[in-house]
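This report refers to the structure that appears directly beneath it.
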Amino acid sequence: MSAIRRAVTGTWDRFAASDPGLLRLMAGLRTVGAILLTLIVLALLHTGVTLMVAGAMTAMVSTFAIRENEVRGQAITLALGLPVALAAMSLGALLHAKVIAGDLFFLALIFGAVYSRRFGDRGTALGLVGFQVYFVSLFVRATVPALPQLALTLAVAFACSAVVRFTVVPETPQRTLARLRAAFRARLAQLVDTHLALMDAEPGQLDDVLDDLRRDTARLHEAALMIQGRLEEGTPDEATAGLLQRRVADAEIAAERLGMLLLNARSAERADTLTLHLPHAPVPATTSVLETGGDVHTRLRRDLEALNLLVARRAPDDRGTALAHVRNRLLGYRDEDKLPPASPAVQDAFRGIGEAARAVLGLRLALDGPQDESDDSPATTRSREEFDAEDLAIVGAGAGDEGEPEDDRTGLQRPTTRAAFQVAVGSALAIVGGEFLSSQRWYWAVLTCWVVFLNTSSTGEILVKGYRRLVGTVFGVVAGVGLAGLVGNHTWTAFALVLVCIFGMFFTAPLSYALMSFFVTAMLGLLYTVLDTYSLSVLVLRIEETALGAACGIIAAMLVLPVHTDRRTDEHLDTVLVRLREVVAAAVEQLSGGPAVDLLGLARELDTALDELRASTRPLTHPITPLRGRRQTAQYLVALLETCAYHARSLAATAELVPFSRTVAADPRLALAGKRIGRNLDLIAARVRDEPAEGEVEGGASIAAMLEASDSPALRSGTVTFRVLRHLQRLDENVVGIARPLDVPVAGRNTGPRA
């Protein structure tokens with residue numbers, strides 16, 4: 001039984017790691033539950049099939065449209081959504097026979113629905129409800145005589161959505177945060193497993209293991225960002241939020257650094273941190289310093305397995321002294337006299353395990369609360385005292401989050417206003433073109449034009465999204481033909497398969513837009529079967545209308561107030577450079593003895609800006625892009641910036657230890673080491689903004705020279721000052737690397753053409 005229990009637990013942990021916070025699972029279950037309950041209630045009321053389809057689609061819309069975190073906000077938006085839905089359905093029925101008036105109103109509704117995004121989550125939800133319910137009225141061909149029954153159907157759908165949302169599958173910020181914390185722990189354990197694979201990999205297997213290491217590191221970072229995004233609502237106060245943010249950041253940084261140190265330990269030369277962030281980066285040559293099967297290899301592997309045990313075990317399962325013994329041994333590597341005799345690179349790997357064990361201890365204290373201290377070693381006691389001092393400092397300072405800055409753009413410069421005009425023009429083209437293809441189902445082209453603008457901000461993103469929707473639709477038509485043939489006249493079987501498709505749609509939406517479009521189209525084939533309007537020509541028309549709608553959206557994005565991908569990526573690149581400079585400058589100042597600031601908050605802003613840059617460059621890095629050179633340049637720049645962000649996070653985490661750590665002390669000499677990096681970042685940012693800037697990006701050996709000052713005990717390998725200087729050196733090298741493809745002059749070097 002214990003083996004079965006472990007297998008089930010392991011499988012569940014892997015699933016939880018693949019779906020952080022179970023957000024996709026909960027979204028799918030909540031939507032399917034709302035639809036199923038709506039169908040049951042409508043069936044008990046003996047409503048017709050058409051009304052049941054309208055109710056199912058409305059329940060789906062009223063569930064997925066609401067994205068607010070707070071339960072009270074969800075309830076208010078849901079209550080406001082019902083009158084909006086009733087108004088949209090009524091106008092759809094009234095304008096059913098008035099083609100021109102109906103089309104003009106539809107365009108006005110589309111403009112208003114997109115413009116309402118400027119009012120936050122509630123405005124976005126109400127606009128989405130209005131548009132989608134009007135679309136439902138077109139799909140079921142609503143008429144004025146049927147309005148009373150349709151109004152009752154809408155009320156039932158909204159009521160069922162509320163019941164499922166608030167009672168059957170409740171979603172609160174506290175529960176979501178708790179699941180995200182469990183997912184972070186599971187992803188951390190997966191990353192340590194990959195560290196073990198890195199230890200054992202043969203030279204020919206190293207490429208695949210490094211791909212796994214990059215993926216698992218990125219997934220851990222993703223989980224950390226998701227936790228940070230839920231801290232404000234999911235914790236009782238700012239102090240608790242700040243404490244949890246700190247512990248998660250510590251664990252993430254320690255795990256990422258451990259991977260780099262292990263790679264160095266098995267490399268002939270020190271590996272570049274870019275290896276962890278650039279796909280297909282050169283793999284460092286391996287060496288026999290960490291010979292597989294040797295005593296050092298065996299000990300290091302045993303300690304990695306012990307670290308994995310510390311990550312996976314939760315506080316209620318901690319019985320006996322075995323776990324305490326393991327923790328004490330690993331934390332002992334923070335002391336120089338506990339390190340095994342080995343090369344400096346291998347000793348650094350053991351130090352990395354000690355720092356990772358410390359981070360895991362802090363994470364366990366933050367997540368599971370106080371634990372038994374009776375078996376603590378002096379090293380463990382010292383770590384706990386450091387955590388207590390940090391906790392007092394965090395509680396005294398509070399989180400200090402002042403919220404997101406407001407967008408000061410006005411008029412047509414505001415993204416929501418620009419998108420509203422673009423969607424309205426694209427939809428007008430889709431209506432005209434759709435009428436030529438089919439006077440009955442022209443609205444599919446309008447729907448496609450609408451959705452390609454959702455969550456996109458540049459012409460390139462719209463092009464890629466339209467392409468993915470078309471690909472998913474084509475394969476969905478094939479699936480729809482097969483499912484329709486299997487279902488035949490079995491209505492409830494069709495509804496059951498519709499629920500499966502809806503669950504698949506919401507579960508896969510964040511992963512693949514093409515896969516989501518596949519499930520949508522397969523579902524439509526089943527709905528047409530239920531409505532007795534199915535034919536192969538209808539599904540082929542679906543492909544044609546989808547292609548037309550995507551083309552209309554792309555044309556509108558290119559001609560109406562266009563935002564080119566280059567411009568969008570330059571804006572995000574400038575933001576990342578500014579945030580990077582802020583983090584590095586503040587961290588170096590604090591490490592030099594300056595005043596304490598919210599460094600983790602600054603690092604979080606850098607991570608958010610980097611995620612936005614990564615999203616904006618996806619059209620440039622997509623496999624279908626014909627510009628291969630720009631694709632490689634974009635990948636290289638993003639990898640360099642990810643590497644810089646890693647070093648900046650590490651500097652910030654180290655700097656925050658200065659006020660209360662026994663091992664980290666301020667060093668005024670570090671102030672000089674950070675000045676050149678800040679000046680270089682200013683020059684690069686000015687070039688990205690096309691502003692005049694005098695001077696050249698400077699590279700050189702000034703920081704590296706400090707690393708070689710071995711006459712000072714504070715600068716020996718393994719000391720905190722040495723580690724800080726190593727991070728600054730890597731930052732310096734990567735910033736110079738960023739300058740070259742952007743055509744920023746580099747002192748003493750030739751630059752290549754700008755990407």
Side-chain angles (χ1 to χ4, degrees), residues 188-189 191-201 209 213 217 250-271 273 276 284 286-311 323-363 376-383 386 650 653-654 657 661-664 707 713 715-727:
L188 183 58
L191 183 55
V192 177
D193 279 337
T194 307
H195 291 157
L196 282 164
L198 179 62
M199 286 283 301
D200 298 336
V209 174
L213 186 63
T217 302
D250 283 347
E252 178 197 355
I253 293 167
E256 187 171 6
R257 183 170 180 269
L258 178 58
M260 194 66 235
L261 293 175
L262 289 172
L263 186 60
N264 281 332
R266 60 164 297 159
S267 301
E269 298 178 356
R270 181 173 288 274
T273 45
L276 289 183
T286 57
T287 180
S288 60
V289 69
L290 197 60
E291 183 179 354
T292 301
D295 292 340
V296 175
H297 177 278
T298 302
R299 181 170 177 176
L300 192 55
R301 196 183 194 288
R302 180 198 63 183
D303 290 336
L304 283 173
E305 291 174 344
L307 179 64
N308 202 354
L309 177 65
L310 290 181
V311 174
L323 204 67
H325 174 73
V326 168
R327 180 179 62 239
N328 293 340
R329 187 181 78 244
L330 299 187
L331 287 172
Y333 291 138
R334 300 183 68 209
D335 298 327
E336 291 294 317
D337 58 346
K338 298 295 180 63
L339 295 173
S343 67
V346 174
Q347 285 189 333
D348 281 344
F350 281 100
R351 290 190 188 96
I353 290 178
E355 293 298 331
R358 178 190 183 276
V360 170
L361 174 61
L363 190 65
D376 282 357
S377 67
T380 304
T381 300
R382 175 163 61 89
S383 297
E386 290 174 355
S650 299
T654 305
L657 297 174
S661 175
R662 297 180 182 178
T663 60
V664 182
L707 288 168
L715 295 180
R716 292 176 185 166
S717 178
T719 63
V720 174
T721 304
F722 184 89
R723 184 193 305 177
V724 168
L725 285 171
R726 177 65 68 185
H727 286 306

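Predicted, not measured: the structure shown is a model, and the values here were computed from it.
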Nearest 0.5 Å please: distance from the CE atom of M199 over to the OG1 atom of T194. 13.5 Å
Just verifying a value: how many Å separate D348 CG and L258 CG, rounded to the nearest 0.5 Å? 11.0 Å
Under the side chain to side chain contact (heavy atoms under 4.5 Å, CB included) rule, what do V311 and L363 come out as? Steps first, then yes or no, please. CA-CA 9 Å; V311 174; L363 190 65; over 6 Å; no
Determine the minimum heavy-atom distance between A356 and L307, stating which atoms define it. CB-CD2, 3.9 Å
For L198, enumerate each residue passing the side-chain contact (heavy atoms from CB on, under 4.5 Å) test, keeping only those at least two apart in sequence or located in another chain. L206, V209, L213, L262, L263, R266
What is the distance from atom CZ of R358 to atom CG of L330, rounded to the nearest 0.5 Å? 14.5 Å
Taking all atoms of both residues into account, what is the closest heavy-atom pair of D303 and R329, and its distance? OD1-NH2, 2.9 Å
Of all the heavy-atom pairs spanning A189 and N308, show the shortest one and how long it is. CB-OD1, 3.6 Å
Least distance between heavy atoms, H195 atom then A255 atom: CE1-O, 3.3 Å
Looking at E305 and R301, is there a salt bridge between them, counting it only when a charged N and a carboxylate O are closer than 4.0 Å? yes
Starting at CZ of R257, measure out to CZ of R351 and round the result to the nearest 0.5 Å. 9.0 Å
Between Q347 (side chain only) and P340 (backbone N and O only), is there a donor and an acceptor less than 3.5 Å apart? yes
Would you name the heavy atoms of T380 and L361 that are closest together and state the gap between them? CG2-CD2, 4.3 Å
Got a sec, which residues hit side-chain contact (heavy atoms from CB on, under 4.5 Å) with A359, two or more places apart in sequence or on another chain? D250, A251, A254
Closest heavy-atom pair and its distance - L304, V192: O-CG1, 3.6 Å
